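Just follow the structure's listing: the first ligand is 1, and inside any ligand the first atom is 1. Hydrogens, waters and symmetry mates are skipped; everything else that's a heavy atom, side chains included, is used. Just so it is clear, the structure is predicted and the values come from calculations on it, not from any experiment.
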Amino acid sequence: MATAQYPKIPAAEITPKQVYLSRRAFIKSTGLLAGSMALAACGIPDQDASQPSQSSSEPTPIAGGGKTDELGDPANSFEDITNYNNYYEFTTDKQAVARLAADFATSPWEVQVYGLVNRPKTYSVDDLVKKFQPEERIYRLRCVEAWSMVIPWVGFPLKRLLEEVEPTSAARYVRFEAIFKPEEMPGQKFRLYPWPYQEGLRLDEALNDLTLLATGLYGGELPPQNGGGIRLVVPWKYGFKSIKAVVKIELVAEQPATLWSSIAPHEYGFYANVNPEVDHPRWSQASERRIGEIGRRKTLLFNGYAEQVAHLYAGMDLRQNY
Ligand SMILES: Nc1nc2c(c(=O)[nH]1)N[C@H]1C(S)=C(S)[C@@H](COP(=O)(O)O)O[C@H]1N2
Ligand SMILES: [Mo]
């Protein structure tokens with residue numbers, strides 16, 4: 001999800017290797033979208049050119065083990081979910097993440113929960129799993145690039161962890177921070193992006209029952225490429241809000257900075273609610289390509305979760321608060 005330009009990055013910081021990597025991504029991207037100034041993959045609207053495993057005329061067989069979401073849409077295969085990933089700490093190449101992340105250690109894993117809380121604490125994922133008994137939640141994931149999947153997560157509501165640490169009355173937002181380990185995450189060695197990856201939610205969004213901390217996938221553990229040790233899943237928002245490899249959860253008073261909104265505030269807002277009527281400045285959000293399907297389907301308001309979340313935005317202008 002790159003930007004038309006990087007206003008905050010002085011040219012002197014860009015080493016020849018970075019230029020090479022960016023150029024490679026640029027060459028790839030122009031094959032998908034002539035005229036795009038995007039440097040890397042996350043800013044390119046999905047153009048059916050990069051099916052995970054097969055040509056687009058030959059849809060990937062959906063081997064979802066009969067699992068469906070509440071709309072009846074079949075879950076994507078484990079193969080697709082674990083081989084078509086956005087994870088810029090490793091690479092901007094979705095189909096290379098699995099290989100580059102294969103040796104990334106996801107256990108043991110600790111998450112520090114702190115800030116405006118009465119009971120700050122560092123938890124291991126093992127403790128969280130014992131305490132909160134994760135359940136299966138089959139959610140649609142809609143990337144801002146206009147592709148989507150249906151993923152059977154294993155996780156527990158973030159709400160349960162937040163209740164345990166007791167946010168104070170001053171807490172209004174939750175800030176999430178991902179791991180910073182440049183020795184193991186090759187994408188962090190160059191500074192095109194302001195690492196560590198950060199995200200944020202309003203406290204009421206974080207307390208919604210849909211908001212999950214995921215510790216697994218398809219009944220098993222969470223593969224490194226999908227954000228293991230532990231990751232956030234916010235199914236009514238564009239995928240970039242669902243931050244992977246979370247190590248810090250901080251309760252704060254002010255709206256926190258996020259990686260994408262600090263790079264390109266006009267393209268990736270803080271709210272990032274899925275909305276077919278609010279286009280990205282460089283492409284339409286009216287439809288999407290479900291990985292494994294031919295053709296496109298209509299994008300649903302709040303990704304189909306309006307009943308559970310529309311009330312959070314009552315009275316807000318969704319065009320202003322994109
Ligand atoms: N730490 C981190 N989290 C991240 C990203 C990332 O680059 N780094 N990419 C986001 C984007 S753009 C998407 S679409 C989803 C993809 O999740 P998946 O690979 O499990 O499908 O992860 C999100 N979380
Ligand atoms: Mo995304």
Side-chain angles (χ1 to χ4, degrees), residues 1-3 25 38 40-46 50 52 75-98 100-101 104 106 109 111 137 139-155 175-182 184-188 192-201 212-218 221-235 237-249 258-261 263-264 267-268 272 274 280 283 285 288-292 299 303:
M1 208 170 50
T3 64
C42 208
I44 301 158
D46 196 76
S50 50
N76 281 87
S77 65
F78 183 80
E79 181 70 13
D80 280 355
I81 294 167
T82 56
N83 286 284
Y84 191 77
N85 304 101
N86 270 331
Y87 204 163
Y88 277 33
E89 284 90 334
F90 288 98
T91 171
T92 58
D93 178 351
K94 293 184 200 8
Q95 290 164 93
V97 173
L100 289 170
F104 182 71
T106 58
W109 192 275
V111 193
R137 294 273 186 108
Y139 285 162
R140 294 170 291 287
L141 179 129
R142 169 49 158 92
C143 177
V144 73
E145 300 162 329
W147 55 266
S148 62
M149 293 200 201
V150 177
I151 303 182
W153 301 109
V154 176
R175 187 185 75 87
F176 302 86
E177 192 177 304
I179 199 165
F180 182 70
K181 253 192 179 180
E184 293 175 41
M185 301 177 120
Q188 287 181 333
L192 276 174
Y193 300 94
W195 309 116
Y197 198 107
Q198 283 189 71
E199 260 305 336
L201 294 173
L212 217 62
L213 282 174
T215 55
L217 191 60
Y218 259 112
E221 56 189 36
L222 191 61
Q225 62 267 40
N226 293 95
I230 194 166
R231 64 96 57 89
L232 183 69
V233 181
V234 194
K237 293 177 178 284
Y238 291 120
F240 65 85
K241 298 294 292 183
S242 292
I243 178 175
K244 299 177 174 182
V246 173
V247 292
K248 290 183 185 177
I249 299 178
T258 70
L259 180 138
W260 287 109
S261 64
I263 297 173
E267 302 201 349
Y268 310 109
V274 175
H280 185 279
W283 60 84
Q285 294 292 25
E288 66 199 57
R289 182 174 60 98
R290 178 67 47 83
I291 299 302
T299 288
N303 204 22

Chemist: Consider every N or O of Arg231 and every N or O of ligand 1, then say whether any pair is closer than 3.5 Å.
Modeler: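 Indeed, backbone or side chain, Arg231 has an N or O that close.
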
Chemist: Judged by non-hydrogen atoms, does Ser242 sit under 4.0 Å from ligand 1?
Modeler: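 Yes, that is the case, since the closest heavy atom of the residue is under 4.0 Å from the ligand.
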
Chemist: Considering residues at least two apart in sequence or located in another chain, which fulfil the salt bridge (Lys or Arg N to Asp or Glu O under 4.0 Å) criterion with Lys244?
Modeler: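 Salt bridge (Lys or Arg N to Asp or Glu O under 4.0 Å) check on Lys244 returns nothing, list empty.
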
Chemist: Out of Gln225, Lys244, Glu177, whose heavy atom sits nearest atom 16 (C) of ligand 1?
Modeler: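 Residue with the shortest heavy-atom distance to the ligand atom: Lys244.
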
Chemist: Any donor-acceptor pair under 3.5 Å linking the side chain of Asn226 with the backbone of Leu217?
Modeler: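 No, the answer is negative, given that no donor and acceptor are paired below the 3.5 Å cut-off.
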
Chemist: Can you list the atoms of ligand 1 that are under 4.0 Å from a heavy atom of Tyr87?
Modeler: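 In order of number, 1 (N), 6 (C), 7 (O), 8 (N).
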
Chemist: Could you list which atoms of ligand 1 come closer than 4.0 Å to a heavy atom of Ile243?
Modeler: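 Close to Ile243: 3 (N), 24 (N).
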
Chemist: Is it the case that over 12 heavy atoms from other parts of the model lie below 6.0 angstrom from the CD atom of Glu221?
Modeler: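 Not buried by this count: 12 neighbours or fewer within 6.0 Å.
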
Chemist: Tell me, please, which residues at least two apart from Glu177 pass salt bridge (Lys or Arg N to Asp or Glu O under 4.0 Å).
Modeler: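 Result, salt bridge (Lys or Arg N to Asp or Glu O under 4.0 Å) vs Glu177: Arg175, Lys248.
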
Chemist: Under 4.0 Å from a heavy atom of Asn226: which atoms of ligand 1 are those, numbered in the order shown and with their elements?
Modeler: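 What qualifies from ligand 1 is 18 (P), 20 (O).
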
Chemist: State plainly whether the residues Lys94 and Glu145 are in salt-bridge range, i.e. N to O under 4.0 Å.
Modeler: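 Yes, this pair counts.
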
Chemist: Number the atoms of ligand 1 from 1 as they appear, then name those within less than 4.0 Å of a heavy atom of Cys143, with their elements.
Modeler: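 Once the distances to Cys143 are compared, the set is 14 (S).
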
Chemist: In a check of side chain to side chain contact (heavy atoms under 4.5 Å, CB included) between Phe104 and each of Glu184, Glu89, Gln225, which one passes?
Modeler: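 That would be Glu184; it is the only one of Glu184, Glu89, Gln225 passing the side chain to side chain contact (heavy atoms under 4.5 Å, CB included) with Phe104.
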
Chemist: In the structure I gave you, are the side-chain heavy atoms of Tyr139 and Leu212 within less than 4.5 Å of one another anywhere?
Modeler: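 A side-chain contact under 4.5 Å exists here.
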
Chemist: What do you reckon, does Trp147 have a nitrogen or oxygen under 3.5 Å from a nitrogen or oxygen of ligand 1?
Modeler: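 Checking ligand 1 against Trp147, no N or O pair falls under 3.5 Å apart.
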
Chemist: May I ask whether Lys94 has any heavy atom positioned less than 4.0 angstrom from an atom of ligand 1?
Modeler: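 False for this residue.
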
Chemist: Return the minimal non-hydrogen interatomic distance between Asn303 and Arg140, and the atom names on each side.
Modeler: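 Shortest heavy-atom separation between Asn303 and Arg140 comes out as O-NE, 2.9 Å.
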
Chemist: Hey, is ligand 1 close enough to Asn85 that some N/O pair sits below 3.5 Å?
Modeler: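 Yes, there is a polar N/O contact under 3.5 Å.
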
Chemist: Quick check on contacts: which atoms of ligand 1 are under 4.0 angstrom from a heavy atom of Phe240?
Modeler: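 Per the distance check, 10 (C), 11 (C), 12 (S).
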
Chemist: Looking only at heavy atoms, is any part of Glu145 under 4.0 Å from ligand 1, and if so is it the side chain, the backbone, or both, or is it neither?
Modeler: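 Neither part.
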
